[in-house]
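Note that ligands are numbered from 1 as they come in the structure, with each ligand's atoms numbered from 1 the same way.
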Amino acid sequence: MTDAAQTLDGWYSLHDFRTVDWITWKMIPAEERQEIIQEFLGLVEKWNKTQTDKQGSHALYTIVGQKADFMMMILRPTMEELNEIETEFNKSRLAEFTLPAHSYVSVVELSNYLPAGEDPYQNPQILARLYPELPKAKYVCFYPMDKRRQGADNWYMLPMEDRRNMMRSHSMIGRQYAGKVKQIITGSVGFDDYEWGVTLFADDVLQFKKLVYEMRFDEVSARYGEFGSFFVGTLLEEDRIPAFLNV
Ligand code: VOV
């Protein structure tokens with residue numbers, strides 16, 4: 001067996017995608033819609049408080065295309081909290097007017113391919129990456145991915161040194177996007193259908209395409225990357241929620 005990569009694990013993550021049932025939403029009185037929006041804003045207010053207390057973070061984005069209408073990305077210290085939040089949303093009145101479109105369960109992950117120093121859990125830069133406050137970037141891009149295990153191209157059979165070299169090259173490309181794209185890699189082996197979730201944040205949506213395309217030419221993605229569905233969305237700030245739901 002080759003050496004397994006060691007991981008540092010941070011907050012648990014839920015990407016929850018919903019489609020709005022606009023037809024039934026339009027059928028109820030405007031007053032009732034306002035109440036439902038207020039109830040949802042109350043939930044978001046609770047999440048804001050958790051974020052201020054540094055006990056988690058969240059982000060809301062409206063999704064472009066037919067895969068979903070909006071996404072709630074939630075980070076929390078435990079899986080139980082994610083489950084509670086999801087259930088609380090499901091019991092809210094807004095949920096009666098949404099259909100589940102997709103979800104992804106994972107945990108913020110850093111791997112030891114690049115040296116992190118002595119006790120990484122004491123390193124403030126590492127802690128900031130494991131327990132991040134999600135940025136208010138204008139755009140989000142989410143997709144799940146695997147590393148290939150097929151015939152001669154089996155990532156998990158490669159010696160540590162080869163994987164480390166390839167990850168170094170990967171990070172060199174990534175670093176050219178510093179300040180343009182922020183990545184949060186979440187591990188999902190044992191939690192969801194792929195091995196990682198990739199969540200990218202940017203203020204210029206085109207940078208997602210440029211970064212993901214450039215990485216396709218890099219060996220770790222070219223030879224070993226397998227990708228699921230891509231979701232792209234625009235920031236749904238709280239003050240935009242009533243307008244988004246206005247019919
Ligand atoms: C935005 C830029 C960017 C930067 C700087 C960056 C850097 C780094 C570093 C330094 C490391 C290793 C240590 C760690 O921090 O974990 C990683 C790790 C990882 N990455 Fe990455 N990545 C980026 C971006 C970035 C993208 C766009 C993708 C998707 C790939 C693509 O083809 O679509 C990706 C994937 C991953 C994955 C799946 C892992 C875990 C691999 C494993 O086997 O464990 N990543 N990544």
Side-chain angles (χ1 to χ4, degrees), residues 1-11 13 15 59 73 75 104-117 119-121 123-132 134-135 137-150 153-233:
M1 192 181 111
T2 60
D3 289 340
Q6 303 296 312
T7 61
L8 300 173
D9 304 282
W11 277 336
S13 163
H15 293 71
M73 177 177 177
L75 300 180
Y104 208 77
V105 179
S106 52
V107 61
V108 178
E109 179 191 285
L110 300 179
S111 56
N112 68 339
Y113 289 119
L114 301 188
D119 180 358
Y121 286 104
N123 177 335
Q125 276 173 328
I126 300 274
L127 293 177
R129 289 186 60 200
L130 290 174
Y131 310 106
L134 298 176
K138 279 171 73 180
Y139 305 100
V140 75
C141 170
F142 169 78
Y143 54 101
M145 68 172 287
D146 285 337
K147 294 250 171 106
R148 188 166 296 140
R149 283 181 282 125
Q150 245 169 42
D153 295 334
N154 188 330
W155 175 259
Y156 296 91
M157 302 276 282
L158 295 174
M160 181 58 162
E161 205 189 323
D162 294 5
R163 282 177 280 135
R164 195 186 292 273
N165 287 336
M166 280 189 261
M167 288 312 293
R168 195 169 292 131
S169 161
H170 165 85
S171 80
M172 297 297 274
I173 295 176
R175 273 203 252 156
Q176 293 167 32
Y177 289 81
K180 290 190 226 162
V181 180
K182 182 184 163 69
Q183 91 280 16
I184 295 184
I185 303 299
T186 51
S188 46
V189 172
F191 292 161
D192 219 316
D193 298 346
Y194 283 80
E195 294 166 348
W196 290 277
V198 178
T199 311
L200 307 175
F201 296 91
D203 286 324
D204 171 8
V205 73
L206 202 54
Q207 297 303 319
F208 295 146
K209 178 175 176 291
K210 290 187 185 297
L211 168 63
V212 175
Y213 188 57
E214 193 174 346
M215 282 192 172
R216 288 295 157 96
F217 293 92
D218 184 53
E219 192 169 5
V220 71
S221 293
R223 190 187 297 275
Y224 298 103
E226 306 252 19
F227 301 91
S229 284
F230 283 67
F231 295 82
V232 67

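- Interface atoms of ligand 1 facing Ser221, defined by a heavy-atom separation under 4.0 Å, are 30 (C), 31 (C), 32 (O).
- Listed by number with element, the atoms of ligand 1 under 4.0 angstrom from any heavy atom of Leu110 are 15 (O), 16 (O).
- Nearest protein heavy-atom contact of atom 1 (C) of ligand 1 is Gln183 OE1, 3.6 Å.
- Ranking protein heavy atoms by distance to atom 26 (C) of ligand 1, first place goes to Met215 SD, 3.5 Å.
- In terms of protein heavy-atom proximity, atom 15 (O) of ligand 1 is closest to Arg129 NH2, 3.2 Å.
- For atom 22 (N) of ligand 1, the nearest protein heavy atom (residue, atom name, distance) is His170 NE2, 3.0 Å.
- Put simply, no part of Arg168 is less than 4.0 Å from ligand 1, judged by heavy atoms.
- Those atoms of ligand 1 that come under 4.0 Å of a heavy atom in Trp155, given as number and element, are 43 (O).
- With a 4.5 Å cut-off on side-chain heavy atoms, Val220 and Met167 count as touching.
- Regarding atom 41 (C) of ligand 1, its nearest protein heavy-atom neighbour is Lys147 NZ, 3.2 Å.
- The side-chain heavy atoms of Met166 and Trp155, taken from C-beta on, include a pair separated by under 4.5 Å.
- Ligand 1 places these atoms under 4.0 Å from at least one heavy atom of Leu114: 10 (C).
- Side-chain contact between Thr199 and Val140 is present, with heavy atoms from C-beta onward closer than 4.5 Å.
- Polar contact with ligand 1: present for Ser111 (N/O pair, distance under 3.5 Å).
- Of all the atoms in ligand 1, the ones that sit under 4.0 Å from a non-hydrogen atom of Leu211 are 1 (C), 27 (C).
- At the shortest separation from atom 33 (O) of ligand 1 among protein heavy atoms lies Tyr143 OH, 2.6 Å.
- The closest approach between Tyr113 and ligand 1 falls below 4.0 Å for a heavy atom of the residue.
- In this structure, atom 11 (C) of ligand 1 lies nearest to the protein heavy atom Met167 CE, 3.9 Å.
- Each of the atoms 1 (C) of ligand 1 lies under 4.0 Å from some heavy atom of Val181.
- Counting heavy atoms from C-beta outward, Val198 and Ile185 have side chains that approach closer than 4.5 Å.
- At the shortest separation from atom 30 (C) of ligand 1 among protein heavy atoms lies Met145 SD, 3.7 Å.
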